[in-house]
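Comments concern the structure below.
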There are 2 protein chains.
Amino acid sequence: MAVTLADVAARAGVSAATVSRVLSGNYPVADTTRTRVLRAVDDLEYVVNGPASALAAATSDLIGVLVNDIADPFFGIIAGAVQSEIGDGKLAVVCNTGGSPERELTYLTLLQRQRAAAVVITGGAVDDDAHQAALAARLRRLSDGGTQVVLCGRSPLPGTAPAGATPSGRDTGAEPGGIVTLAFDNTGGAQRLTEHLLTLGHRHIGCVAGPADRTTSRHRLEGHRRALTARGLPTEDERLTVHGGAYDRAAGYDGALELLRRAPELTAVLAANDTVALGVCAALRDQGLRIPEDVSVAGFDDLPASQDAGPPLSTVRLPLHSAGARAGRLAVGREGAPPGGVTTVRAELISRASTAPPPHRPSR
Amino acid sequence: MAVTLADVAARAGVSAATVSRVLSGNYPVADTTRTRVLRAVDDLEYVVNGPASALAAATSDLIGVLVNDIADPFFGIIAGAVQSEIGDGKLAVVCNTGGSPERELTYLTLLQRQRAAAVVITGGAVDDDAHQAALAARLRRLSDGGTQVVLCGRSPLPGTAPAGATPSGRDTGAEPGGIVTLAFDNTGGAQRLTEHLLTLGHRHIGCVAGPADRTTSRHRLEGHRRALTARGLPTEDERLTVHGGAYDRAAGYDGALELLRRAPELTAVLAANDTVALGVCAALRDQGLRIPEDVSVAGFDDLPASQDAGPPLSTVRLPLHSAGARAGRLAVGREGAPPGGVTTVRAELISRASTAPPPHRPSR
DNA sequence: CTGTTAGCGCCTTCAC
DNA sequence: GTGAAGGCGCTAACAG
């Protein structure tokens, strides 16, 4: 039905092999024949059959990108950056996992089925050994099958990337097909954020953390506690921390109300991320509290919208675009893997109007 | 190298055809053989070879989604909704065109090469007859090749979807493989937004419109002018309208400054969309103007961030999620095409704190 | 219900 | 520099 290589060959008066060679370009062909073939291609509006070519060549130009939620700019920015770096001939297959480990595995199977050239997995993982192991197994199989695997914004898989170079000096992470990791410094960022609040004078800091079963949540909380401990302050986890069901605005809203109920004396709230922080702000305002005069609020990620929020959010900037771009380059082999296969990208404190010193006397 | 159907067949003691039948499920197979095959599949960790299967069956489970910028929540929301409706076995290939018509065509070729099952094109088009024609031609070819084409948030292509049912009563848009369009009512939405401003008492309304060569920009401006004309007011296009180079914050910032220079008496600014509006707000604030006391600002789209902006934006809500979901269902044939192949989805006025009556006396 | 037989369209050694 | 031929892994008629 559709026009095939053979049709083009017939029209150009050459063999199918020649047409193939002209099209792939990686083989010497006489200039005169080349132009003749190209004209035939044009006349017939021939378009290569991807599946057939992938089958014969045992390669594909599909690159999978796994994200929790493409509607969330956090992931959108990373995905866009990945795509901008993989080149014009490659196609980015974006898969929304919704944060579900099962869907993550399902999509990886689908991508393996497509013989994807690479897979970029973004965002934090579910903090569960069984799932981590299942994931690691599948990723190793993908990697063995020639698919380049890149983790972006997630800690290295256990047992996948050796910690540092091996005794022999080989950095195993750099071998082609190895699993490369670009981790975000969630712990360090959160620590600096809490220090910022402590320096402002806050002593009653609530946390609306992310879902309890996510590594990102755990790491950010860890940074928070570290800052507290470093100053010899108690952490009061159980009372001052609530876990939301998701990283969304509603979780922030509900979490803030719960926090206020438990600890009306608090003067600052640390949110799981910027989106959650906006929900926190909304809840506080609805309770008649001013930000930052009565309560300070801080987010995480520094999404573009955060600078235009009311008030602009203090937060921790993650270099989402550059990390995604680097992940894209790693995926297509345009950049070598870092030594050990793992790099951690720094998170930078951004101080804006949503944080300020606490009120002199508890206003409530 | 990788395990194939034949390997599974050998291990299960059946023929390759039987394995294929078990896996695709659309053919009667004895229960005992089925389980035996399934166990072999499991033992060998077999994963179907997508390209081979696509080649043999002449179908693919790839669905292309063309967006201007996946980092923009406008497109992220639509893309996410599309993906949520296409089903678990289908893969969404998200392509960032960056608004460039050339890249749009390039990606369509790539998708045609993959023999994509469907293609969803989102967002406005470039307002250029040549490009529109080239696009229409390529889409028709895709459509003829069995790819379902869906336009989401874009006006119907000229000469593609007949206006209404044909005289004979056939609604050509409903035939499988036809090009389906879900258009946004940009004109109506903008008209209502300007009416809102006029009702508040504004008489000097500036526009920071989108790029001049985009249909979306044109349609929104048209709505604005219509509202003006309906009240017998002059439009003053050349002086009160500036076109940004993109739909981004910087365009809003620069556009607002330019507008202020040209028409310091203005009391309201209509932005191309919410993101642009945030830039406008930033510029106005930097000039010492209060929103909405000195100047009102309105956006378009009602992105999630808009309700949390400072101040919350008055805007026009576009049902991005439901439109994307519908586009997804249309793409996979889970929903029939509307009569004539075209539907326009309504845009709803959302009034928030960024718009208010103008100051009594021009404050400047 | 299951096995056999042809291709699907292209790439890639081999010869010429 | 170009052609001929085989096979990539799977599906879809046919038989049985």
Side-chain angles (χ1 to χ4, degrees), chain A residues 1-38 40-41 44-62 89 109-110 112-117 145-146, chain B residues 1-38 40-41 44-62 89 109-110 112-117 145-146:
Chain A
M1 52 177 222
V3 24
T4 75
L5 245 204
D7 299 331
V8 178
R11 190 168 221 279
V14 297
S15 77
T18 302
V19 178
S20 170
R21 294 199 259 255
V22 169
L23 261 28
S24 41
N26 47 14
Y27 211 84
V29 174
D31 268 2
T32 71
T33 32
R34 185 202 314 295
T35 47
R36 201 143 38 92
V37 167
L38 256 19
V41 166
L44 266 33
E45 298 187 323
Y46 170 70
V47 176
V48 178
N49 183 318
S53 132
L55 171 59
T59 62
S60 133
D61 45 14
L62 258 33
T109 304
L110 250 38
Q112 186 179 352
R113 169 179 311 181
Q114 296 296 334
R115 303 300 188 254
Chain B
M1 55 177 221
V3 26
T4 74
L5 244 203
D7 299 331
V8 178
R11 191 168 220 282
V14 297
S15 75
T18 302
V19 178
S20 171
R21 294 197 261 255
V22 169
L23 261 26
S24 43
N26 48 14
Y27 213 83
V29 175
D31 270 0
T32 72
T33 29
R34 184 200 315 293
T35 48
R36 200 143 38 90
V37 167
L38 255 20
V41 167
L44 267 32
E45 296 186 324
Y46 170 71
V47 175
V48 178
N49 183 318
S53 139
L55 172 59
T59 63
S60 135
D61 44 14
L62 258 33
T109 303
L110 251 38
Q112 186 180 352
R113 168 180 311 181
Q114 296 295 336
R115 304 298 189 255

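Note on naming: letters A, B, ... go to the chains in the order of the sequence lines (proteins, then strands), and numbering restarts at 1 for each one. Below, all heavy atoms of this structure are taken into account, side chains as well, without hydrogens, waters or symmetry copies.
- Two residues are said to be in side-chain contact when any heavy atoms from C-beta on lie closer than 4.5 Å; A:Leu62 and B:Leu62 meet this criterion.
- Within the 4.5 Å cutoff, the side chain of B:Val41 has no heavy atoms near those of the B:Val47 side chain.
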CA sep, side-chain torsions, deciding dist, call: A:Val22, A:Leu38, side-chain contact (heavy atoms from CB on, under 4.5 Å): CA-CA 8 Å; A:Val22 169; A:Leu38 256 19; 3.6 Å; yes
Protein proximity profile, nucleotides 11-16 of chain C - base contact B, sugar-phosphate-only contact S, no contact -, cut-off 4.0 Å on heavy atoms: SBB---
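- When the C1' atom of D:dT11 is taken as reference, atom CG of B:Asp61 falls 15 Å away, rounded to whole Å.
- Rounded to whole angstrom, the span from the CG atom of A:Asp7 across to the C1' atom of C:dG9 amounts to 11 Å.
- At D:dG9, none of the side-chain N or O atoms of B:Thr4 fall inside 4.0 Å of OP1 or OP2 (strictly under the cut-off).
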Do any side-chain atoms of residues 11-21 of chain B form donor-acceptor pairs under 3.5 angstrom with protein atoms, and if so which ones, sequence neighbours left out?
residue: B:Arg11; atom: NH1; partner: B:Asp43; partner atom: OD2; Å: 2.7
residue: B:Ser15; atom: OG; partner: B:Ala17; partner atom: N; Å: 3.4
residue: B:Ser15; atom: OG; partner: B:Thr18; partner atom: N; Å: 3.4
residue: B:Ser15; atom: OG; partner: B:Thr18; partner atom: OG1; Å: 3.3

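- Scored by the side-chain contact (heavy atoms from CB on, under 4.5 Å) test, A:Ala56 finds no partners at all (sequence neighbours excluded).
- Proximity of a side-chain donor or acceptor of A:Arg34 to a complementary backbone N or O of A:Val29 within less than 3.5 Å is detected.
- For the pair B:Leu55 and B:Ala30, both in contact range of DNA chain C, the more 5′-proximal nearest nucleotide belongs to B:Ala30.
- In this structure, of D:dG3, C:dG9, C:dC1, it is C:dG9 that holds the atom nearest to the side chain of A:Asn49.
- The phosphate of C:dT2 has OP1 or OP2 within less than 4.0 Å of a side-chain N or O from B:Thr33.
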